[in-house]
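The block underneath contains the structure these notes are about, expressed in structure tokens.
Atoms considered below: every heavy atom in the structure, side chains included; atoms not considered: hydrogens, waters and symmetry mates.
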Amino acid sequence: PVTLATTHAAPGATSIPVIAVVSSQVRNYTISLTGSQTIDGTPTDDLRFTPLRDPKNNRLRELWVGTADHLPRRAIVAGNFTVAPLTDVPWTIDFAVIAGTPYIERELAGDTLYMPHRQVVRSAQIAFEDVREGSGFMNSPLIAPDLTDTALLEPGV
């Protein structure tokens, strides 16, 4: 939507008058509050995300945020990583909040993964162990992923 304002200045201000205010909003989701839940001892608000377009890229479906700090505690996404079958099943992502910063603690596939070469994974979980503030990861040399058919690549932003 476009909003036009009449020519005016803030009370007591001597700045150039405003002749127009233009704003644009491109919404990717409809978001609704569906309830509350306690996750790992933290009260959370449960938000439901319904994509308005491009559901393969707008994959967030549900998000639990701390009621007091609004930090993520859990999310459900429609697919994870960049290749099938990881992109074809829902994933639950749990976050740990350490010193006020959320870190991914674990990712759990919501269904069986039918991998290439006839491999079947009935319960896939990716866990990050010993996650802590100041662990030095960000100061480590960059690690380039091995781009074989078993590589797990997160989607680009």
* **With sequence neighbours excluded, residues passing side chain to side chain contact (heavy atoms under 4.5 Å, CB included) with Pro51** => Tyr29, Pro55, Asn58, Arg61
* To do: Kindly give the cluster partners of Val120, where membership spreads through any ILVMFWY side chain lying under 4.5 Å from a current member.
  => Tyr114
* Donor-acceptor pair, side chain of Thr67 and main chain of Pro43, under 3.5 angstrom -> yes
* Asked: Cluster question for you: counting only ILVMFWY and a side-chain heavy-atom cut-off of under 4.5 Å, with indirect links fine, are Leu60 and Leu52 together?
  -> no
* Asked: Is it true that Met115 and Ile126 fall in one hydrophobic cluster, defined by side-chain heavy atoms closer than 4.5 Å?
  -> yes
* Quick one: which residue pairs count as a salt bridge (charged side-chain N to carboxylate O under 4.0 Å, His left out) with a foot in residues 25-39, not counting sequence neighbours? => none
* **Sub-4.5 Å side-chain heavy-atom contact between Leu71 and Phe95** => no
* Just wondering, do Ile76 and Thr92 contact through their side chains at under 4.5 Å, heavy atoms? -> yes
* Structure fact -> Rounded to the nearest 0.5 angstrom, the CG-CZ distance for Asp54 and Arg59 is 10.5 Å
* Determine, using the 4.5 Å side-chain heavy-atom cutoff (strictly less than), whether Leu108 and Ile39 are members of one ILVMFWY cluster. => no
* Which atom pair, heavy atoms only, marks the closest approach of Val97 to Pro72? -> CG2-O, 4.1 Å
* Shortest non-hydrogen contact from Gly66 to Thr42? -> CA-CG2, 4.3 Å
* Asked: Which atoms form the tightest heavy-atom contact between Phe128 and Glu107, and what is the distance?
  -> CE1-OE1, 4.4 Å
* Once you round to the nearest 0.5 Å, how far does CG of Leu113 lie from CZ of Arg122? -> 11.0 Å
* Check: Leu33 and Leu47 side chains under 4.5 Å, non-hydrogen atoms -> yes
* Full working for side-chain contact (heavy atoms from CB on, under 4.5 Å) between Glu105 and Ile98 -> CA-CA 11 Å; Glu105 185 174 46; Ile98 302 169; over 6 Å; no
* Test side-chain hydrogen bond (donor to acceptor under 3.5 Å, both in side chains) applied to Gln37 - qualifying residues, sequence neighbours left out -> Trp64
* With sequence neighbours excluded, give me every salt bridge (charged side-chain N to carboxylate O under 4.0 Å, His left out) pair touching residues 35-51. => Arg48-Glu62
* Derivation and outcome, side-chain contact (heavy atoms from CB on, under 4.5 Å), residues Phe49 and Asn28 -> CA-CA 9 Å; Phe49 288 70; Asn28 293 324; over 6 Å; no
* **Pairs involving residues 73-91, ordered by first then second residue, that meet salt bridge (charged side-chain N to carboxylate O under 4.0 Å, His left out) (sequence neighbours left out)** => Asp69-Arg73, Arg74-Asp94
